[in-house]
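Note sheet for the following structure.
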Amino acid sequence: MTLPFVKKVAKKSDIKKVTVKSDSKIVTVKTQAHYDLILSYMKDDVWYKASELVEVLGVRETRTKALLRTLVEEGMLIDNGMIKGRKYKRKQR
């Protein structure tokens, strides 16, 4: 009797829903939805803490900070440059 050694892979991990941003970066649909939610929630000239946006997004603070960091790097948000008590606001259009 012989048994084949075939690696089983879950079908869900094979297919990941992705979108391509305008600058050719690939992000998941869920991440793009979080970016859109952050940008639509923020008002102009109002500073927000990451902890305020945690409640809006429904994710942990570390994930929220990672999303905010990416938006700052892309130039869509600005931060106040502080280490503790960092705040974010939308960039002037």
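A distance-only check finds a donor-acceptor pair linking the side chain of R86 to the backbone of M82 [under 3.5 Å].
Here the side chains of L71 and Y35 are in contact, with some heavy-atom distance below 4.5 Å. Counting heavy atoms from C-beta outward, K49 and Y88 have side chains that stay 4.5 Å or more apart. Residues I78 and R90 form no side-chain contact, since every pair of their non-hydrogen atoms from C-beta on lies 4.5 Å or further apart. Residues T31 and R63 are in side-chain contact: their nearest non-hydrogen atoms beyond the backbone lie under 4.5 Å apart.
Linking Ile, Leu, Val, Met, Phe, Trp and Tyr whenever their side-chain heavy atoms come within less than 4.5 Å leaves L77 and V54 in two separate clusters. Follow the hydrophobic side-chain contacts under 4.5 Å out from Y48 and you reach I38 in the same cluster. V59 and L53 fall within the same hydrophobic cluster, where Ile, Leu, Val, Met, Phe, Trp and Tyr residues are linked whenever their side-chain heavy atoms come under 4.5 Å apart, directly or through other members. Linking ILVMFWY side-chain heavy atoms closer than 4.5 Å, directly or via other members, places L39 and W47 in two distinct hydrophobic clusters.
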Stepwise side chain to side chain contact (heavy atoms under 4.5 Å, CB included) test for D45 and Q92: CA-CA 8 Å; D45 296 327; Q92 297 292 331; 2.5 Å; yes
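Under the side chain to side chain donor-acceptor pair (under 3.5 Å) criterion, T64 pairs with no residue, sequence neighbours left out.
Of the inter-residue distances, the one linking H34 atom NE2 with D36 atom CG reads 10.5 Å to the nearest 0.5 angstrom. Between the CE atom of M42 and the NZ atom of K91 there is a distance of 14.0 Å, given to the nearest 0.5 Å. Rounding to the nearest 0.5 angstrom, the gap separating the CG atom in L37 from the CG atom in L67 is 10.0 Å.
Between E73 and R69 there is no salt bridge, since no side-chain N of the basic residue sits under 4.0 Å from a carboxylate O of the acidic one.
Within a 6.0 Å radius of NZ in K89, other residues, nucleotides and ligands contribute more than 12 heavy atoms.
Minimum heavy-atom separation, G85 to N80: O-ND2, 3.4 Å.
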